[in-house]
Amino acid sequence: CVKKEGPVDIKGDEGELTVLQVLLHNGGYARFADLKGVCVLRDMGNGIRNRIPVDMKKVEKGIIPDLILQDNDVVVVPEKFFSF
């Protein structure tokens, strides 16, 4: 649920990239993004992906540190589901 969805290969001399930097690189959040439900899928090398939750609301407020990404990480930004 980002403005520019899909796989993106970011290369260059940026050094360490964080979740927030990558999300901003992709145009930021879409309108109904669930910022508390963001997670990173990290390949553990044996075909299994570890799910790492990242509460972007807390990251933006400086309550928790932003997660530094590794090669082949996948950032998932889910959509909010509303109950009426």
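As the structure is a computational prediction, the values presented were derived from the model and not from experiment.
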Visitor: Considering all heavy atoms of both residues, which atom of Lys80 and which atom of Ala33 are nearest to each other, and what is their separation?
Guide: CE-O, 3.2 Å

Visitor: Can you list the other members of the hydrophobic cluster that holds Val74, where links are side-chain heavy atoms under 4.5 angstrom apart?
Guide: Leu41, Val76

Visitor: Should Arg42 and Asp73 be marked as a salt bridge (charged side-chain N to carboxylate O under 4.0 Å, His left out) after you check the CA-CA gap, both sets of side-chain angles, and the distance that decides it?
Guide: CA-CA 5 Å; Arg42 181 164 288 165; Asp73 278 354; 2.8 Å; yes

Visitor: Any chain of hydrophobic side-chain contacts (each under 4.5 Å) joining Ile63 to Val38?
Guide: yes

Visitor: Are the side chains of Ile68 and Leu17 in contact, using a 4.5 Å heavy-atom criterion?
Guide: no

Visitor: Taking side chain to side chain donor-acceptor pair (under 3.5 Å) as the definition, give me every residue that meets it alongside Glu79, ordered by chain and number, with sequence neighbours left out.
Guide: none

Visitor: Any ion pair linking Lys36 and Asp55 (charged N to carboxylate O, less than 4.0 Å)?
Guide: no

Visitor: Would you say that Met56 contacts Val54 through its side chain, given a criterion of any heavy-atom pair below 4.5 Å between the two side chains?
Guide: yes

Visitor: In Å and rounded to the nearest 0.5 Å, what is the CD to CG distance from Glu16 to Leu67?
Guide: 10.5 Å

Visitor: Side-chain atoms of residues 19-28: list all donor-acceptor pairs with protein atoms under 3.5 Å, sequence neighbours left out, distances to 0.1 Å.
Guide:
{"residue": "Gln21", "atom": "OE1", "partner": "Thr18", "partner atom": "N", "Å": "2.8"}
{"residue": "Gln21", "atom": "OE1", "partner": "Thr18", "partner atom": "OG1", "Å": "3.4"}

Visitor: Would you compute the distance between atom OH of Tyr29 and atom SG of Cys1 and round it to the nearest 0.5 angstrom?
Guide: 11.5 Å

